[in-house]
Each structure stands twice: as C-alpha cells, then as structure tokens.
Amino acid sequence: MNIEIKDIQKRFGDFVALHQINLAIAQGELLALLGPSGSGKTTLLRIIAGLEQPTSGSILFGGDDLVGQSLRERKIGFVFQHYALFRHMTVFENVAFGLRVKRRAERPAEAEIGKRVRRLLDLVQLGPFGGRYPSQLSGGQRQRVALARALAIGPRVLMLDEPFGALDAKVRKELRRWLRGLHDEMGLTSVFVTHDQEEALELADRVVIMNQGRIEQIGSPDYVYEHPASAFAYEFLGNVNRFECAIRNGQAVFAGGTISVPENANTGDGPAIAYVRPHDIEVFTGPTAAALAATVSYISAAGPLAKVEVAAADGRLIEIELARPMLRALALKVGSLVHIRARKARVFRRDAEPSPGETHSIRGEGRYSEPATPPAPMWHI
C-alpha cells in the first residue's frame, strides 16, 4: 500500500505541531521517522494511522483520501512502545483479540482464528508460548506478541511507535535484525518512529529527519549520514565537533587552519560553523601544516575504536575516534601534545538554514530530498 501525505498541518490550540508536511511512502517500504522529542514524529505517525485527525491536509492510501477514518477502517496494524497487552489474557488470546472483535460479517470462524494465531506465533518465534501470560515473558517476547497481534488482522500498513524503546541495548539490536527480516518476508508497507539514530540508520530503507514539526531531510540511511542537508541534521546524526569559523574569500577560516569552499558550497563572506565527525580527524605527534595543537585529556580504548579527547589552547574539547592499531602506533597517553587536522569537514553559513515556512517533499523537488546522483563531498581540508 503506497501512502501520500499532502500539506498536513496539526494544531493543538495555538501550538503548531506539524507545518505543511508532504511525504510519499512507497509500497513495501520500511520508513523511519527520526527526530528528538517534540519534533512531531509521533504526531505524524498517529495522523497516518487515524489515531489523530489533522487540522488540514490529506492522507491518501492507494489514492483514496482517508482523513476522518479510524485506525480500524484504515486497516492499520499499530505497535506501541509499552506493548499494551492484556495481562489477564494468554499470549494466544492476546493475538486472537483483534480477530474476535471484528464485526460478525468479517469475523473468521473459530478454527480459522486458531490456525492464523498459531501461524503468527510461529512466525514471531513464540509458538510454544501461546498458553503463557504476558507477565511470564521477557520484554523482547512481549514486544513480539504485540507485533503478532498487530499482524493478526491482516493490516494494509504496519505502524510502530518507538517499538524497542523499553528494551535493553542487546535485545533492541536482536529485535531490529529480526524485524527487518520479518518486514522483507511479508512485504508490508511499514512506518516506525524512533529517536535512536543507530536504529533508524540500521533498519530503514529511508529516513525522514524531523525537527520542530518540519521535515529537515529525507533519504537513504547512507545518504543522510554522508550528506546532511542542515546543521541540525549533521548534529543529530551521530557525534560531531563544532568549530566556529568565518567564510572569507572562499575559505572557511578558524583557529588552526582554513577549509577551502568549492563552487557548490554557500558563497559569500560571513560567520559559519565547521562540523567534523570524530572519525574524520587525523592525529599527528609532531607539527603539521594546517593543524591545530592540542593536549590529550582522555583516552578510552575499550571496543574496536579508541575514543580520544583533546583540549585545544583555548580550552575547547575535541572528540576523536581512532582505530586501535593507530592509537598504539601514536603511543598516545593523557598529557601528550598532538596536532590534529580535519580529513573532511562540512561548513554551514549561520544564515543558510531553511526558512520557517519551507516545506519538503520526497521525489526530488524538495530542497532536502536525496538526489538521483549524490554530489561530491562539499569540501576537504
């Protein structure tokens, strides 16, 4: 089922939760709505599902405008963060519930309900647990029961609201992989909300980054990470170092060096901020051209990447990620004097952010949609 969201606006009194949202979701796509608390992602999900009605705009499923229809009428399967299972019902009865409350004309026979529920429990790897109660299951198992219940009604679209938010990190990772495999097997159109960047980038076909009720950027996980469309998107998608600078005669000038700005970057002199990922910083033990002197203040060598923090002369702290062999080769320790240089950076003019009324769409006509051919990196040291 393909979904089109056209000029959706949502107000709660004087507060505008969503500003003229335009978005298209393809049949069989797994789409992530990603953003911080208050960005409007859950409100948008609930409007698509029919749990909230928009102040204005249209929601089209397969070309039919469904504004005003309920979740049941839209045939949406909805999975909540906190399971919402019936504690007094067994796992089997929880999954069967949506089928048993259908109108008499639509309700399957009892034998068919039993057959469908057993098939779904096998699908979510809970076949032997049908007779247990939710309190007898782990958090990950309860979430799979909630997913089986959503699938039992034969939904056209699956919606998930922070589906792994209540689980620990190891279980979240296992369930992410499991859900991706289940989605590919069933071919459902699915939309999920998360504030976890790693979750969205690992699980989704495309990511919609939201901020203050607007869409900042839409694209594949690789694209939005490598080519953030705004300073907000850059900072939200992983750790980043900020360097105050100024653009002068096509150069971004900051303490310790300059960054050349090519033709496709914003032009004109003025204040700006250079953004550099921790893994894009080179470390030298001796003076190097266009490098900034700093002192190592912290080292954590746990895991495949070592995390190093250095302090510049002005007191600014800079985060660096190094492969463990490189850390050993440099022989770094707390107090070591080093010189650092950005391997790659992105500079945003302070006046180059999108205007408040700007809207964004999915198919290339929007300013922040993913182009057919990704551009070259905006600039390098």
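When a residue number appears, it is its place in the shown sequence, counting from 1.
Using bins of under 30°, 30° to 60° and over 60° for the plane-to-plane angle, the ring pair Phe232/Phe236 lands in the parallel bin. Between Phe348 and Tyr275, the ring planes lie perpendicular to each other; the angle is over 60°, past the 30° to 60° tilted range.
Minimum heavy-atom separation, Gly28 to Thr189: N-OG1, 3.0 Å. A pairwise comparison of heavy atoms in Val276 and Lys344 identifies CG1-O, 3.5 Å as the closest pair. Taking every heavy atom of both residues into account, Gly68 and Gln53 meet most closely at N-OE1, 2.9 Å. In terms of heavy-atom proximity, Leu31 sits nearest to Ala204 at C-CB, 4.5 Å. Summarising the geometry of Asp65 relative to Val67, their closest heavy-atom pair is OD1-N, 3.1 Å, with the distance given to 0.1 Å. Here the closest non-hydrogen pair linking His183 and Glu29 is CE1-O, 3.6 Å.
In this structure, the separation between CG on Leu317 and CD on Glu309 is 4.5 Å, given to the nearest 0.5 Å. Taken to the nearest 0.5 Å, the CD1 atom of Ile48 stands 12.0 Å off from the CG atom of Leu71. With rounding to the nearest 0.5 angstrom, the CG atom of Asp205 is 8.5 Å from the CG atom of Leu203. To the nearest 0.5 Å, atoms CD1 (Ile8) and OG (Ser58) are separated by 6.5 Å. Rounding to the nearest 0.5 Å places CE of Met326 at 8.5 Å from CD of Glu282. Taking OG1 of Thr42 as the reference point, atom CE of Met210 lies at 9.5 Å (rounded to 0.5 Å).
For the residue pair Thr194 and Glu199, a side-chain donor N or O sits within less than 3.5 Å of a side-chain acceptor on the partner.
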side-chain contact (heavy atoms from CB on, under 4.5 Å) between Arg72 and Ile153, intermediate numbers included:
CA-CA 9 Å; Arg72 177 183 291 186; Ile153 62 170; over 6 Å; no
I would like to know whether Asp64 and Arg74 meet salt bridge (Lys or Arg N to Asp or Glu O under 4.0 Å); could you show each step before the answer?
CA-CA 10 Å; Asp64 298 323; Arg74 297 181 190 195; over 6 Å; no
Check the pair His279, Arg343 against side-chain contact (heavy atoms from CB on, under 4.5 Å), reporting the backbone distance first and the verdict last.
CA-CA 9 Å; His279 58 263; Arg343 185 181 297 110; 5.8 Å; no
Evaluate the side-chain contact (heavy atoms from CB on, under 4.5 Å) criterion for residues Leu126 and Leu120: first the C-alpha distance (whole Å), next the side-chain angles of each, then the deciding distance (0.1 Å), finally the verdict.
CA-CA 8 Å; Leu126 291 174; Leu120 282 167; over 6 Å; no
When you look at Phe192 and Leu30, which way does the side-chain contact (heavy atoms from CB on, under 4.5 Å) test go after all the steps?
CA-CA 8 Å; Phe192 75 100; Leu30 181 55; 3.9 Å; yes
Might you work through the side chain to side chain donor-acceptor pair (under 3.5 Å) test for Glu162 and His195, ending with a clear yes or no?
CA-CA 8 Å; Glu162 300 274 8; His195 64 271; 3.0 Å; yes
Side chain to side chain donor-acceptor pair (under 3.5 Å) evaluation trace for His339 with Thr288:
CA-CA 7 Å; His339 291 78; Thr288 303; 5.9 Å; no
Side chain to side chain donor-acceptor pair (under 3.5 Å) between Asn211 and Glu216, worked out:
CA-CA 6 Å; Asn211 181 34; Glu216 289 274 339; 3.3 Å; yes
Walk me through whether Tyr223 and Tyr225 qualify under ring pair (Phe, Tyr, Trp, His ring centres under 6.0 Å).
CA-CA 5 Å; Tyr223 186 83; Tyr225 185 82; over 10 Å; no
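Proximity of a side-chain donor or acceptor of Arg107 to a complementary backbone N or O of Lys102 within less than 3.5 Å is detected. The backbone N or O of Tyr133 sits less than 3.5 Å from a side-chain atom of Gln136, completing a donor-acceptor pair. Not one N or O on the side chain of Glu112 forms a donor-acceptor pair closer than 3.5 Å with the backbone of Ala109. Under a 3.5 Å cut-off, the side chain of Glu73 and the backbone N or O of Ser70 do form a donor-acceptor pair. Between the side chain of Lys41 and the backbone N or O of Gly35, at least one donor-acceptor pair lies under 3.5 Å.
No more than 12 heavy atoms of other residues, nucleotides or ligands shown are found within 6.0 angstrom of CG on Asp222. Atom CZ of Arg242 has more than 12 heavy atoms from other residues, nucleotides or ligands within 6.0 Å.
Residues passing the ring pair (Phe, Tyr, Trp, His ring centres under 6.0 Å) test with Phe61: none are found, sequence neighbours excluded. Thr295 meets the side-chain contact (heavy atoms from CB on, under 4.5 Å) test with Leu337; sequence neighbours excluded.
In terms of hydrophobic clustering, with Ile, Leu, Val, Met, Phe, Trp and Tyr side chains grouped at heavy-atom distances under 4.5 Å, Phe97 and Leu158 are assigned to different clusters. Ile47 and Leu51 fall within a single hydrophobic cluster, where Ile, Leu, Val, Met, Phe, Trp and Tyr are joined by side-chain heavy atoms under 4.5 Å apart, directly or via other members. Hydrophobic clustering places Val240 together with Ile273 (ILVMFWY residues linked when any side-chain heavy atoms are closer than 4.5 Å, directly or through intermediates). Hydrophobic clustering keeps Ile76 apart from Leu60 (ILVMFWY residues linked when any side-chain heavy atoms are closer than 4.5 Å, directly or through intermediates). A continuous path of Ile, Leu, Val, Met, Phe, Trp and Tyr side chains, each step under 4.5 Å between heavy atoms, connects Val124 with Phe129, placing both in one hydrophobic cluster.
Side-chain contact between Gln143 and Phe80 is absent, with no heavy atoms from C-beta onward closer than 4.5 Å. Annotation: side chain of Glu52 is in contact with side chain of Lys10 (closest heavy-atom distance under 4.5 Å). The shortest side-chain heavy-atom distance between Arg176 and Glu198 falls under the 4.5 Å cut-off. Taking the side chain as every heavy atom from C-beta outward, Leu237 and Leu34 approach each other to under 4.5 Å. Using a 4.5 Å cut-off on side-chain heavy atoms (C-beta onward), Val157 and Ile3 make contact. Counting heavy atoms from C-beta on, the side chains of Ile209 and Ile218 never come closer than 4.5 Å. Leu147 has its side chain within reach of Trp178: a pair of non-hydrogen atoms, C-beta onward, lies under 4.5 Å apart. Between Val191 and Leu45 the shortest side-chain heavy-atom distance falls below 4.5 Å.
None of Leu332, Ile281, Ile299, Leu305 except one satisfies the side chain to side chain contact (heavy atoms under 4.5 Å, CB included) rule with Leu322; the exception is Leu332.
Salt bridge status for Arg118 with Asp122: absent, with no side-chain N to carboxylate O gap under 4.0 Å. Taking a cutoff of 4.0 Å between a charged side-chain nitrogen and a carboxylate oxygen, Arg346 and Asp280 do not qualify as a salt bridge.
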Less than 3.5 Å apart, which donor and acceptor atoms pair up between the side chains of residues 85-95 and the rest of the protein, not counting sequence neighbours?
| from | atom 1 | to | atom 2 | distance (Å) |
| --- | --- | --- | --- | --- |
| Thr90 | OG1 | Glu93 | N | 3.2 |
| Glu93 | OE1 | Arg100 | NH1 | 2.2 |
| Glu93 | OE2 | Arg100 | NH1 | 3.2 |
| Asn94 | OD1 | Phe86 | N | 2.8 |
| Asn94 | ND2 | Phe86 | O | 3.1 |
| Asn94 | ND2 | Met89 | O | 3.2 |
| Asn94 | ND2 | Thr90 | O | 3.1 |

